[in-house]
Number of protein chains: 2
Amino acid sequence: MGQQKTAAEGGTRESERRRTILRAAIDVFARKGYHGCRIADVAREAGVAYGLVYHYFKNKDELLETVFETGWTGFVTRVRSVADGEGTLVEKVRGIADVAFEAYRVDPRAVKVLILEIARSPAGARINRQTAFVDVIRLSSEMFTRAKDAGELRPDVDPLLASALLFGSIEMGLTAFVVGLADARDTQMLEQAKAQIADSFLHGVLADAPGAEVPAWKREKSGTKSKAPKRT
Amino acid sequence: MGQQKTAAEGGTRESERRRTILRAAIDVFARKGYHGCRIADVAREAGVAYGLVYHYFKNKDELLETVFETGWTGFVTRVRSVADGEGTLVEKVRGIADVAFEAYRVDPRAVKVLILEIARSPAGARINRQTAFVDVIRLSSEMFTRAKDAGELRPDVDPLLASALLFGSIEMGLTAFVVGLADARDTQMLEQAKAQIADSFLHGVLADAPGAEVPAWKREKSGTKSKAPKRT
DNA sequence: CGGCCGGTTGATTCAAGAATCAGCCGGGGA
DNA sequence: TCCCCGGCTGATTCTTGAATCAACCGGCCG
């Protein structure tokens, strides 16, 4: 490839080739799983010689590690900016769900790899993967702590656990798509899932108790059936 | 190994070995992960000859498969009996959280393997693992559908998604312990987590809107079945 | 008593696939 | 023009660990 990006531009030292390989790795990992594929598969997918993979990555594990860092840091950054930014807890929770689902919309394969191969990487997984994962939980945990102090959160809710539950919901919601339980082609459905995850997390799934004031969460979208809950 | 387990007693001496191996497999998988361990590790852990593992199990994969079936079917059975049994949605949700956390209390290692190695087994995962996993979601999804018809569930909530979210919450809650984010030694904490998961899922995490009636979920311990909608 | 038989052993075999390495190629500087 | 250099190639080597297998117990039955 003639492309002489070279160091001249200083910026992204990352050669085109390297990125191609990374991209191929994501696709292959998503399709056959980390353990279920060989380096040769990645090379073929990238249209590159076997050895070149090793030119850019020390070994197979570093390849996965890089896929992880690439995708994860972006996610963390966005989540952080939401969690640490201005806004009510409700907005922030919605914002975080937004970030996650947007990531999925943009690159479902990458999200699949993150969820399937890394979030639950087997115990052996050295390095920081697990750590990084935990970091986000902590990050959002702090958000909840602040919200709690502000009285936005029920006082008997543990922030750390709340944080875990939020991401658990998001992850499993996404997993439903990843696994094919729900049809990801339907953008509509993505939107709805995102909304419901935030809603359920914030307000619960129960029909409103009789006599309780009906909150306005239904108004967010088509407020059509807004009066429904009222049971006897 | 000298230890002749009094063969005279007849009974299940044969399956005794098998069970020993299975137990060892769970422990080793939990410690080093399926891919991170060799059969030799399992054999050593079980105090058994390498070859014997292959006498009882066709191959490494069948070993994992068996661990899975053993643990999972028990779980599914319990969940089913709760989901299909009598009771309000609130009780059932609590019941399901109960089942999961009890399983963890009884055998944390096994739960760890189920969560880490199987629930999210990489794409390649043959057989029904993924299917079985999806089945529970469906099972509980039906429970939610019924609850929805009975007016217990908010009408704008999708049952399938609700189901995914419930298990997502439970799983991530458990993961917090598995990963060491929370201290599992503290039985107290297990109880609290369990309660909060159900509470959050049912009622949300938000502080009550001003003026709304305050339900009694704060005292999760003492028969909270309070005033949930009566079915039938 | 002897031979059969199922459970048991662990060294040996074998395949997969990770990692290496001896070069090739093409551009650019001398 | 020729040589150097670094990205690039892919056959070869090496490691790992799964799976096999021939032999070994020790009870039990004939």
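Predicted, not measured: the structure shown is a model, and the values here were computed from it. So that the names make sense, note that chain A is the first sequence line, chain B the second, and so on, each numbered from 1.
Note: CZ (B/Arg38) to P (D/dT20) measures 20 Å, nearest angstrom. Atom CG of B/Asp61 is separated from atom P of C/dA16 by 16 Å (rounded to the nearest Å). When the P atom of D/dC25 is taken as reference, atom NE2 of B/His55 falls 18 Å away, rounded to whole Å. What separates CG of B/Leu64 from P of D/dA18 is a distance of 13 Å, to the nearest Å. At whole-Å resolution of the value, NE2 in A/His35 and P in D/dT16 are 17 Å apart. To the nearest angstrom, P of D/dC8 lies 17 Å from OH of A/Tyr54. The OH atom of B/Tyr50 sits 13 Å away from the P atom of C/dG10 (whole-angstrom rounding). Taking atom CD1 of A/Ile39 as the reference point, atom P of D/dT12 lies 20 Å away to the nearest angstrom.
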Practice task
Show the numbers, then the answer: is there a side chain to side chain contact (heavy atoms under 4.5 Å, CB included) between A/Ser200 and B/Phe201?
Solution key: CA-CA 7 Å; A/Ser200 297; B/Phe201 178 75; 5.6 Å; no
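With hydrogens and angles left out, the side-chain atoms of B/Tyr56 and B/Ser15 include no donor and acceptor closer than 3.5 Å. Neither side chain, A/Ser141 nor A/Ser163, offers a donor N or O lying under 3.5 Å from an acceptor on the other.
Counting any heavy atom pair closer than 4.0 Å across all strands shown, B/Leu52 reaches a base atom. Residue contacts shown for A/Tyr56 are limited to sugar-phosphate atoms, with no base heavy atom under 4.0 Å away.
Side chain of B/Asn59, nearest nucleotide from C/dT9, D/dA19, C/dT8: D/dA19.
The CG atom of B/Asp98 lies 11.0 Å from the CD1 atom of B/Ile197; values are rounded to the nearest 0.5 Å.
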